[in-house]
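Working notes, beginning with the structure itself.
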2 protein chains.
Amino acid sequence: MTNSDELKNIFLFSELEDFELENILNFSRIKVYSKGEIIFFDTEPYIGFYGIIDGYVKIYKISPEGREHIIHLENSGSTFAEIPMFEKYLAKTNSTHCYPANAMSIEDNTKVIRVPESDFLSFLRENPKICMKMLCSFARRLKFLNSHIGSIILDDVTKRLLKYIVKKCECNCTDNNSVKECFECTIELDISKSDLASHLGTITETLSRSFKKLQNENIISVKGKLITIKNLTYIKKIIK
Amino acid sequence: MTNSDELKNIFLFSELEDFELENILNFSRIKVYSKGEIIFFDTEPYIGFYGIIDGYVKIYKISPEGREHIIHLENSGSTFAEIPMFEKYLAKTNSTHCYPANAMSIEDNTKVIRVPESDFLSFLRENPKICMKMLCSFARRLKFLNSHIGSIILDDVTKRLLKYIVKKCECNCTDNNSVKECFECTIELDISKSDLASHLGTITETLSRSFKKLQNENIISVKGKLITIKNLTYIKKIIK
DNA sequence: AATTGTAATTGACTTAAGTCAAAAAAGTTA
DNA sequence: TAACTTTTTTGACTTAAGTCAATTACAATT
């Protein structure tokens with residue numbers, strides 16, 4: 001059963017009162033997707049944004065030539081597809097808007113809530129607290145995109161991969177806000193290598209060669225999905 | 001003299017009452033920059049976000065190798081450097097934050113207002129209307145970055161350039177919300193070609209070759225800063 | 001108009017990363 | 001465990017776009 005407690009896992013809703021959560025649940029829909037299922041296509045008319053109660057979702061575009069690019073990888077607690085809500089809000093006329101990209105579940109039992117934009121907008125307008133929450137999550141996403149875009153233009157694939165690994169390690173090495181100094185650190189990839197490639201703005205073959213290069217240079221070791229970074233403190237300095 | 005009317009040109013402040021604008025003016029600082037002047041470096045401690053009353057500003061990063069990448073080009077009415085405000089808001093401790101990129105005026109007499117984040121945050125928390133404004137402008141920026149990042153990965157430089165030109169033409173061809181069907185359309189570049197190059201994620205030499213290519217294919221004609229697109233309706237279809 | 005400086009273009013060369021095709025490894029199902 | 005599918009890796013080749021160097025065009029100042 002879905003109850004309002006589950007919703008509190010979603011950052012945007014985490015500080016709401018129970019009665020407010022019940023309210024949101026009343027006008028929203030919960031759905032569970034299995035791995036590989038499409039949540040929406042970029043051709044579908046917009047009917048609300050999503051929150052991830054549990055699971056993993058990729059937001060991606062496909063080029064006319066068929067190449068995929070993952071713009072965002074989001075997991076439990078995140079929301080996505082909020083942007084068209086504000087486009088609709090700004091639009092004078094009652095024009096139709098589409099989802100800005102495709103979304104797919106990349107983990108079994110991915111549980112999401114779909115919140116219709118019109119109900120939520122009236123809620124948002126009366127509630128500065130949740131506005132602030134949303135501003136914070138937008139700010140976080142803007143920050144990510146800003147640095148990601150810079151990285152794609154100014155760094156080569158190997159450096160982008162290294163930055164990705166280091167970031168994952170940093171999350172791993174941080175316990176209740178106290179950063180442990182990690183020399184060696186092992187992480188487990190929670191997405192496929194082909195998803196990682198298209199998230200880093202490249203293709204599987206090139207990613208594979210980058211992994212090889214980092215191993216040859218004795219910076220990391222790879223065993224399946226397990227990646228060990230040898231000297232995190234040193235690596236953090238050189239990727240700056 | 002700066003009065004509250006000028007502030008209304010800034011989208012974020014456009015719906016505020018005069019007394020609220022006076023209030024903002026009281027805790028903020030106005031400054032005029034000439035072309036090429038630095039507004040802030042990414043090494044400086046964060047002391048507030050900016051609004052452009054009049055002029056043109058580039059927000060950019062420099063790679064260790066010295067290559068520049070322009071993340072945003074903003075002109076009159078826009079705000080920039082809001083992100084660290086929310087990082088500060090979220091941070092429990094009173095940690096210092098830096099500006100996330102460099103900002104430079106790229107037009108003479110660029111007039112900006114700097115709004116200290118702490119004063120503005122308390123203002124924002126009490127004011128859902130301005131929250132909504134800010135959410136809308138964040139949404140607009142996220143949308144731009146999403147499509148820009150996709151374009152950088154999936155399109156070549158020539159296509160990115162063409163998309164840029166078409167977008168400018170569309171702005172030109174739109175008068176009070178009614179879109180004129182334009183067959184031929186001329187725009188004037190309002191930034192230097194080297195700025196355009198680093199905004200498109202490339203270098204001047206490559207941009208120059210892309211301009212040449214589009215001219216050879218008889219898609220555009222270039223006379224200095226004037227660019228004429230020959231068949232806008234057709235071009236819009238092929239760059240989709 | 002001459003001088004100087006900056007911005008843009010062109011050519012020759014190099015390289016990172018993409019394409020295509022095939023093999024190997026890993027994961028899944030019967 | 002065998003058969004099958006999917007994912008990942010490897011090799012050979014191609015290409016878009018970057019680097020470096022030199023030239024040309026444009027703009028500003030005296």
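We name chains A, B, ... by the order of the sequence lines, and we start the count at 1 in each one.
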**Request:** Take atom CD of Gln215(B) and atom C1' of dT9(C), then tell me their distance rounded to the nearest Å.
**Result:** 12 Å

**Request:** Would you mind telling me which of dT9(D), dG18(D), dT8(D) lies closest to the side-chain atoms of Lys225(A)?
**Result:** dT8(D)

**Spacing of Ile153(B) atom CD1 relative to dG18(C) atom C1', expressed in whole Å** = 14 Å

**Main-chain N/O of Leu214(B) paired with Glu217(B) side-chain donor or acceptor, under 3.5 Å** = no

**Asked** Quick check: does any side chain N or O of Arg114(A) sit under 3.5 Å from a backbone N or O of Phe49(A), one acting as donor and the other as acceptor?
**Response** no

**Prompt:** In whole angstrom, what separates Lys35(B)'s NZ from dT6(C)'s P?
**Reply:** 12 Å

**Prompt:** Hey, which of these two, Gly224(A) or Thr202(A), hits DNA chain C nearer its 5' end, going by closest nucleotide?
**Reply:** Thr202(A)

**Fill in**
Between CG of Asp156(A) and P of dA16(D) the distance, given in whole Å, is 20 Å

**Request:** Check for a donor-acceptor pair, side chain of Ser28(B) on one end and backbone N or O of Leu25(B) on the other, with a separation under 3.5 Å.
**Result:** no

**Prompt:** Angle class for the Phe86(A)/Phe138(A) ring planes (parallel below 30°, perpendicular above 60°, tilted otherwise)?
**Reply:** perpendicular

**Request:** Starting at atom CD1 of Ile152(A), determine the distance to atom P of dA16(C), rounded to an integer number of angstrom.
**Result:** 18 Å

**Message:** Test your reading of the model: is there a side-chain donor-acceptor pair from Glu68(A) to the backbone of Ser198(A), 3.5 Å cut-off?
**Reply:** no

**Request:** Nearest whole angstrom, please: distance from the C1' of dA16(C) to the CG of Leu207(A).
**Result:** 15 Å

**Asked** Of all of residues 192-201 of chain B, which get a heavy atom below 4.0 angstrom from DNA chain C, listed by number?
**Response** Ser192(B), Lys193(B), Ser194(B)

**Asked** With under 30° as parallel and over 60° as perpendicular, where do the rings of Tyr50(B) and Tyr99(B) fit, or are they tilted in between?
**Response** tilted

**Prompt:** Rounded to the Å, how far apart are Ile203(A) CD1 and dT10(D) C1'?
**Reply:** 13 Å

**Asked** Would you call Glu6(B)-Lys111(B) a salt bridge at under 4.0 Å N-O?
**Response** yes

**Complete:** Closest to the side chain of Arg209(A), out of dG18(D), dT9(C), dT19(C), is dT19(C)

**Asked** Within the pair Thr204(A) and dT9(D), is there a side-chain N or O less than 4.0 Å away from OP1 or OP2?
**Response** no

**Asked** Would you say a side-chain N or O of Ser208(B) is under 4.0 Å from OP1 or OP2 of dT9(C)?
**Response** yes

**Flag, side chain of Asp54(A) to backbone of Ser76(A), donor-acceptor distance under 3.5 Å** = no

**Message:** What's the closest nucleotide to the side chain of Glu205(A) if the choices are dT10(C), dA17(D), dT19(C)?
**Reply:** dT19(C)

**Request:** Check for a donor-acceptor pair, side chain of Lys237(B) on one end and backbone N or O of Leu232(B) on the other, with a separation under 3.5 Å.
**Result:** no

**Item:** Presence of Thr206(B) side-chain N/O under 4.0 Å of dG18(D) phosphate oxygens OP1/OP2
**Value:** yes

**Message:** Strictly distance-based, threshold 3.5 Å: is any side-chain N or O of Thr202(A) a donor or acceptor partner for the main-chain N or O of Leu207(A)?
**Reply:** no

**Fill in**
Numerically ordered, the residues 59-75 of chain B set in heavy-atom contact under 4.0 Å with DNA chain C is none

**Asked** OP1 or OP2 of dT9(C) less than 4.0 angstrom from a side-chain nitrogen or oxygen of Lys212(B), does that happen here?
**Response** no

**Prompt:** Could you state the CD1-P distance from Ile191(A) to dT7(D), rounded to the nearest angstrom?
**Reply:** 14 Å

